[in-house]
Protein chains: 2
Amino acid sequence: MPYDPSAFPPFAVTVDLVVLTVRRHALCALAVRRGEPPFQGRWALPGGFVRGDEDLATAAARELAEETGLHVQDQTGPAPANAAHLEQLATYGDPKRDPRMRVVSVAHLALAPDLPAPRAGGDAHSVRWAPVNELLDEREGEHTAPLAFDHARILADGVERARSKIEYSSLATAFCPQEFTVGELRRVYEAVWGVALDPRNFHRKVTGTPGFLVPTGGTTTRQGGRPAQLFRAGGATLLNPPMLRPEA
Amino acid sequence: MPYDPSAFPPFAVTVDLVVLTVRRHALCALAVRRGEPPFQGRWALPGGFVRGDEDLATAAARELAEETGLHVQDQTGPAPANAAHLEQLATYGDPKRDPRMRVVSVAHLALAPDLPAPRAGGDAHSVRWAPVNELLDEREGEHTAPLAFDHARILADGVERARSKIEYSSLATAFCPQEFTVGELRRVYEAVWGVALDPRNFHRKVTGTPGFLVPTGGTTTRQGGRPAQLFRAGGATLLNPPMLRPEA
DNA sequence: GATCATAGTCGTCTGCCTGACGATAAACAG
DNA sequence: CTGTTTATCGTCAGGCAGACGACTATGATC
């Protein structure tokens, strides 16, 4: 690795974000409308350049906060109400992925609870939560033009990562508010996997997995029906045994 | 995303390789000795700059071939004898990870069968297969100085990826020659996980998992003892049910 | 207030998978 | 021929998962 700057080609490095949440029983992703060419007017994933003195994870957290007001879940201390999970997804560096110049994008995956409040600093016309099925739909439509750049691929990879990761980790709780019921957690799994799960078996499974859920003592009827116990996410990050996705 | 080149800082982009194989019942990684500062004389992961017109996967495959003579496994057509599995691992971009300049490294993970032939173009003094336990050992020793840069972290991430991925995918066969026995495959799992497995249960499990192994009809006694059936990797990439790593 | 719809929670049963382990088979070394 | 090594088949008990019945506690409706 020589010093000589002419020995290597310069790249622009960006972070792109796949921000997922569950709204109205559907898995949704954050999309922004592009205001300038290329792909002007098309929807894209939020993202931006990594600064010269900034770590990749820091850049992703900064973009996430700018775009949504969400803060990255801190391991220590009490989690704020609007805490999100953030992890690196993959890096995309096809020489032709951006027609202007050579851009390498380090995509990150963020999982957030459904936000009742509007997004900070967001323009309603240029930022929206869209069902991933719509965004990944190939057909043209009012809101269904393909995503800009290679963002459909990135989104698909992010969705697949989320789908498989909630199997063997407690990440599904990142889609829930701080306190949640077993039924709410089940609806998260159903929305992310796109399947229906048996409430009784799910309840047994999830309450029987050590470290997954801790009861808070409270109950709620916000979903209607009989009052349900409230839980908080337990300390376990890896689930043993895992939640099994039903056969394809 | 403006055009203006002054609007974003330039980065150097490299690929680093975690190349794993199983030799003498131990999981080993490829290490190269650095010939110049920084970290002169220390061991490091092989890698190099991504060229201006090159995809990330292409750059990784090129570096792999230069360093080992291995070719990336092609989905179509017959696999050559020296075929390796290659996938992107993660990207490391701490601003201080290289003291000379801002380098973002897209690490890749390669899994290869034990190579009986010496490496093409390699100097025996500057390239070696080293047990990952040695490379990750913090203590100083003749061959155990810590890896250069953040390569210990990258190697650890690669090893962990391999350990978890052979659970639910057929990737363990990438460590085997084209034709192999159940016992040889078991020794791969034992070396990667660092545990002893029951030969009888392992045999039942792998032969009972659909699409994992297809018998070639031949047998071999190269491991001594009773002749063992030879198998080839089946078409399945995802194992159902998965191989379960024994409890920690 | 009785009835109904909605969710939540507890049990039961059966089949499958797993881990532990006995037994047999086929090679080679002495 | 006997012991050693590796491979392969079988058995058995425990645990977990899917299917599903039953009961409970709310709010909504008549």
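Values reported hereafter were calculated over all heavy atoms of this structure, with side chains retained and with hydrogens, waters and symmetry mates removed. No experiment lies behind these values; they were computed from the predicted model shown. In what follows, chains are A, B, ... by sequence order, proteins preceding strands, each numbered from 1.
Between A:R153 and A:D157 there is a salt bridge, since a side-chain N of the basic residue sits under 4.0 Å from a carboxylate O of the acidic one.
Here B:H203 does not reach the OP1 or OP2 of D:dA7: none of its side-chain N or O atoms lies under 4.0 Å away.
Contact of A:R200 with C:dG8 (side chain to base): no donor-acceptor pair of N or O atoms is detected under 3.5 Å. Under 3.5 Å, the side chain of A:R226 and the base of C:dA7 form no donor-acceptor pair of N or O atoms. Residue A:R204 places a side-chain atom within donor-acceptor reach of the base of D:dG18, judged by atom type and a 3.5 Å distance cut-off alone.
Using a distance-only test at 3.5 Å, with no hydrogens or angles considered, no donor-acceptor pair links the side chain of A:H151 to the main chain of A:A44. Within the 3.5 Å criterion, the main-chain N or O of B:Q178 finds no donor-acceptor partner in the side chain of B:R232. Between the side chain of A:Q88 and the main chain of B:T91, a donor-acceptor pair closer than 3.5 Å is present. Remark: side-chain polar atoms of A:R245 are not paired, donor with acceptor, to backbone N or O of A:W193 under 3.5 angstrom.
Atom-to-atom, NZ of A:K205 to C1' of D:dG15 comes out at 12 Å; the value is rounded to the nearest Å. Atom-to-atom, CG of B:L197 to P of D:dT6 comes out at 15 Å; the value is rounded to the nearest Å. Straight-line distance from the CD atom of A:Q229 to the P atom of C:dG8: 12 Å, rounded to whole Å. In this entry the distance linking CG of B:L213 with C1' of D:dT8 reads 14 Å, nearest Å. Separating the CG atom of B:L185 from the P atom of D:dA7 is a distance of 11 Å, rounded to the nearest angstrom. Atom CD in A:E247 sits roughly 9 Å away from atom P in D:dG18 (whole-Å rounding). Distance OH (A:Y168) to P (D:dC16): 22 Å, rounded to an integer number of Å. Rounded to whole angstrom, the span from the CG atom of B:N240 across to the P atom of D:dA17 amounts to 14 Å.
Residue A:Q223 has its side chain nearest to C:dA7 when only C:dA7, C:dC21, C:dA27 are considered. Counting only heavy atoms from C-beta on, B:T221 has its side chain closest to C:dA27 among C:dT18, C:dA27, C:dG8. Out of C:dT18, D:dG18, D:dA17, the shortest distance to the side chain of A:N201 is found at D:dG18. Of the candidate nucleotides D:dC9, D:dA7, C:dG8, C:dG8 has the atom nearest to the side chain of A:R187.
When each of A:D198 and A:G224 is assigned the nucleotide of DNA chain D bearing its nearest heavy atom, the one mapping closer to the 5' terminus is A:D198. Toward the 5′ end of DNA chain C lies the nearest nucleotide of B:P242, the other residue of the pair B:P242 and B:P227 mapping further downstream.
B:R222 comes within contact range of no nucleotide atom at all, as no heavy-atom separation falls under 4.0 Å.
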